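Here is the structure we will look at, set down as structure tokens.
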Amino acid sequence: MGLCDEPLLVFDGACGTNLQQVELPASAWDGREGCNELLNLTAPEVIQALHASMLDAGAMVVETDTFGANAIVLAEYDLADRVERINHAAVENARRAIAGRPRRYVAGSVGPTTKLPSLGHIAFDELYAAYAAQLRALLEAGVDALIVETAQDLLQIKTAVIAALETAAALGRDVPLLVSVTVEPSGTLLAGADLGAVAATLEPFPLFSLGLNCGTGPGQMAPHVRALARVWPRRLSVIPNAGLPEVVDGRTRYDLAPAAFAEPLRRYVAEDGVSVVGGCCGTTPEHIRALAEALTGLVPAARAVRAAPALASAYHAVELRQDPAPLLVGERANANGSRRFRERLLADDLPGALHVAQEQERDGAHAADLCVAYAGRDETADLTAMTRLFADSLRIPTVLDSTTPSALEACLRLHPGRCLVNSVNLEDGGANLDRVCGAAKRFGAAVVALTIDERGMAATAADKLAVARRIHERAVGRHGLRPCDLLFDALTFTLGAGDEKLRRSALETLEAIRRIKAELPGVGTILGVSNVSFGLTPRARRVLNSVFLREAVAAGL
């Protein structure tokens, strides 16, 4: 039986607050007091003894003493060159502690660093490199799992998750990845994301579990545990402090007794289906012993949560399948479709350009399209600048609208949430599609796919379905996107062109929506409804758009 097969996992207790209670000689700190990770090298017997005490108390999983063992944090102690040595030693200390103990495991602890990328403290590539170096060392040393914990910034979490998955794949390791976030009393992360946004952003990634740690005691976590349980379909973890911290005589103290700590966690397992528990700040071996005893013979409650495909801003999630349908994407923040937006963009009035999208948010749009491509402008510079503003200021998700893969990739590095990429097609045979779908897979984005191939826009329902099948086969089969990550745009021609060949175009689009939904299970559909009436009078357009929208929704839009 491996870690993934255990129906209930009990993690260990605190590392830092327990080490603070140990009398250590000054030589162990080497002038770097506070760098607990250094003790893996200078006082390995102390770290091994702490692990052993937790295992003796009933812990099944010990976390390595590597919470801050990345170059960003270690540089503050002039130890950035010892990332590999410290992480290797930490895993060795943990493995020595579990030696001879069946069904005991080592999880590599990965902390949030001291930088918040959502606030511009650090760029994606720099943060990724720091995480990858630590993760490589942990994986090479032989951890059984990885846990990204005490996370408070959605972009930081996403960066760590991508680094973990890619580093493990490069090493040929397949280890479970756990993510644990720290929630403010308001129910959001420090950087502002609520738990719905966290779940929607991380759901595309193959995580073993998602949960909560630190911040408060177990009782105060109750509304947050239940909020996460409603939206997260896989395993849940809860690893709280031993109560709320208090400062007494200049020292931080946690006063929640072991039994009082264990009882709420027992309820989360029995009632909410939590299956990963443990202790964070202030929890001692006694807390873990009480927890293990309280869980004896207990089986986590069954959970049946079906994750609804969703997008996320930096703050909130929006389900793709709205009730009532459809999802409404505001498209006025478009340099080619909105004169007001274009004029502000050309004047470098980015706050004014942002205001166009904010108006659509106030008017009820579920997501905001962003297109800045305009002759003579640097699209990547404009798109990244506006993406930052959208991420900071909009409560609705962003639809990144560009035909330039490099610009899309740059923006996916910046946005904390889950974006929709608009769009891919087969006009060039699929070269751009391959690059965009690869980026979408890497960053967990969803993709709009247009029914266009080498011959142009497909006109009949049969041709539209055929193109959709080719895109589906390529995006899902080659790039690993899921059907629910794809929104097919069956496109429609205007009825006002006077072209006899286009007389049935709207009917063909409606039939294509029906057939795509029926024959490509799980995918979504999206449509620029008002294109059907382009060129007609405003009054006629309103009527035709309304009728066509009703019929499209009935067809499955």
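Both backbone and side-chain heavy atoms feed into the values below; hydrogens, waters and symmetry mates do not. Small disclaimer: the values here were computed from a predicted structure and weren't measured.
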Backbone N/O of [Y] and side chain of [X]: donor-acceptor pair under 3.5 Å:
{"X": "H415", "Y": "G417", "result": "yes"}
{"X": "Y131", "Y": "V110", "result": "no"}
{"X": "T42", "Y": "A28", "result": "yes"}
{"X": "T384", "Y": "A381", "result": "yes"}
{"X": "R289", "Y": "T284", "result": "no"}
{"X": "R303", "Y": "W232", "result": "yes"}
{"X": "N87", "Y": "A69", "result": "yes"}
{"X": "R482", "Y": "G522", "result": "no"}
{"X": "H121", "Y": "L116", "result": "yes"}

Using side-chain heavy atoms (C-beta onward) and a distance below 4.5 Å, is [X] in contact with [Y]?
{"X": "D485", "Y": "R418", "value": "yes"}
{"X": "I162", "Y": "Y128", "value": "yes"}
{"X": "L24", "Y": "V46", "value": "yes"}
{"X": "L74", "Y": "C35", "value": "yes"}
{"X": "V10", "Y": "L295", "value": "yes"}
{"X": "V476", "Y": "L486", "value": "yes"}
{"X": "L487", "Y": "V523", "value": "no"}

Verdict with supporting geometry, R85 and H88, side chain to side chain contact (heavy atoms under 4.5 Å, CB included): CA-CA 5 Å; R85 283 186 60 200; H88 281 184; 5.9 Å; no
Sequence-distant partners of [X], salt bridge (charged side-chain N to carboxylate O under 4.0 Å, His left out), two or more places apart:
{"X": "E271", "value": "R226"}
{"X": "R82", "value": "none"}
{"X": "E293", "value": "none"}

When rounded to the nearest 0.5 angstrom, what is the spacing between [atom1] in [X] and [atom2] in [Y]?
{"X": "E6", "Y": "M60", "atom1": "CD", "atom2": "CE", "value": "3.5 Å"}
{"X": "L154", "Y": "L202", "atom1": "CG", "atom2": "CG", "value": "6.5 Å"}
{"X": "C15", "Y": "I47", "atom1": "SG", "atom2": "CD1", "value": "5.5 Å"}
{"X": "R104", "Y": "L3", "atom1": "CZ", "atom2": "CG", "value": "11.5 Å"}
{"X": "E184", "Y": "T216", "atom1": "CD", "atom2": "OG1", "value": "10.5 Å"}

Looking at R96, I want to see if its CZ is surrounded by more than 12 non-hydrogen atoms of other residues, nucleotides or ligands under 6.0 Å.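 Check fails, neighbour count at 12 or below.
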CG (D5) with more than 12 external heavy atoms under 6.0 Å: yes
Partners of [X] by side-chain hydrogen bond (donor to acceptor under 3.5 Å, both in side chains), sequence neighbours excluded?
{"X": "N432", "value": "none"}
{"X": "S406", "value": "none"}
{"X": "D30", "value": "R32"}
{"X": "T64", "value": "T66"}

Between N213 and T150, is the side chain to side chain donor-acceptor pair (under 3.5 Å) condition met? List the steps. CA-CA 6 Å; N213 82 291; T150 323; 3.0 Å; yes
Does a donor on one side chain and an acceptor on the other come within less than 3.5 Å for [X] and [Y]?
{"X": "R395", "Y": "S313", "result": "no"}
{"X": "N93", "Y": "H51", "result": "no"}
{"X": "Y105", "Y": "E63", "result": "no"}
{"X": "N36", "Y": "D65", "result": "no"}

Please list every donor-acceptor pair under 3.5 Å in which a side-chain atom of residues 440-448 meets a protein atom from a residue at least two apart or in another chain.
{"from": "K441", "atom 1": "NZ", "to": "G480", "atom 2": "O", "distance (Å)": "3.1"}
{"from": "R442", "atom 1": "NE", "to": "E166", "atom 2": "OE2", "distance (Å)": "2.7"}
{"from": "R442", "atom 1": "NH2", "to": "E166", "atom 2": "OE1", "distance (Å)": "3.2"}

Considering only residues two or more places apart or on different chains, which pairs with a residue in residues 138-162 satisfy salt bridge (charged side-chain N to carboxylate O under 4.0 Å, His left out)? R95-D144, R136-E140
In sequence, state the C-alpha distance, the side-chain angles, and the governing distance for T113 and Q156, and then conclude on side chain to side chain donor-acceptor pair (under 3.5 Å). CA-CA 9 Å; T113 80; Q156 171 257 318; over 6 Å; no
Over all atoms of both residues, closest heavy-atom pair of [X] and [Y]:
{"X": "A89", "Y": "N40", "answer": "CB-O, 3.8 Å"}
{"X": "A14", "Y": "C281", "answer": "CB-CA, 3.9 Å"}
{"X": "G68", "Y": "V73", "answer": "O-CB, 3.3 Å"}
{"X": "N18", "Y": "T283", "answer": "ND2-O, 2.9 Å"}

With F208, which of L178, L146, V179 fulfils side-chain contact (heavy atoms from CB on, under 4.5 Å)? L178
Sorted by first residue and then second, give each ring pair (Phe, Tyr, Trp, His ring centres under 6.0 Å) pair with at least one member in residues 265-311; sequence neighbours left out. F261-H287
Go through the steps to decide whether D56 and R101 satisfy the test salt bridge (Lys or Arg N to Asp or Glu O under 4.0 Å), and finish with yes or no. CA-CA 10 Å; D56 291 341; R101 302 177 190 253; 2.9 Å; yes
Output side-chain donor-acceptor pairs under 3.5 Å for residues 186-194, partner residues at least two apart or in another chain, one line each.
{"from": "S186", "atom 1": "OG", "to": "T188", "atom 2": "OG1", "distance (Å)": "3.2"}
{"from": "D194", "atom 1": "OD1", "to": "G196", "atom 2": "N", "distance (Å)": "3.1"}
{"from": "D194", "atom 1": "OD1", "to": "A197", "atom 2": "N", "distance (Å)": "2.8"}
{"from": "D194", "atom 1": "OD2", "to": "H316", "atom 2": "ND1", "distance (Å)": "2.6"}

N/O donor-acceptor pairs under 3.5 Å from side chains in residues 242-259, not counting sequence neighbours:
{"from": "R253", "atom 1": "NE", "to": "D255", "atom 2": "OD1", "distance (Å)": "3.1"}
{"from": "R253", "atom 1": "NE", "to": "D255", "atom 2": "OD2", "distance (Å)": "3.2"}
{"from": "R253", "atom 1": "NH2", "to": "D255", "atom 2": "OD2", "distance (Å)": "3.4"}

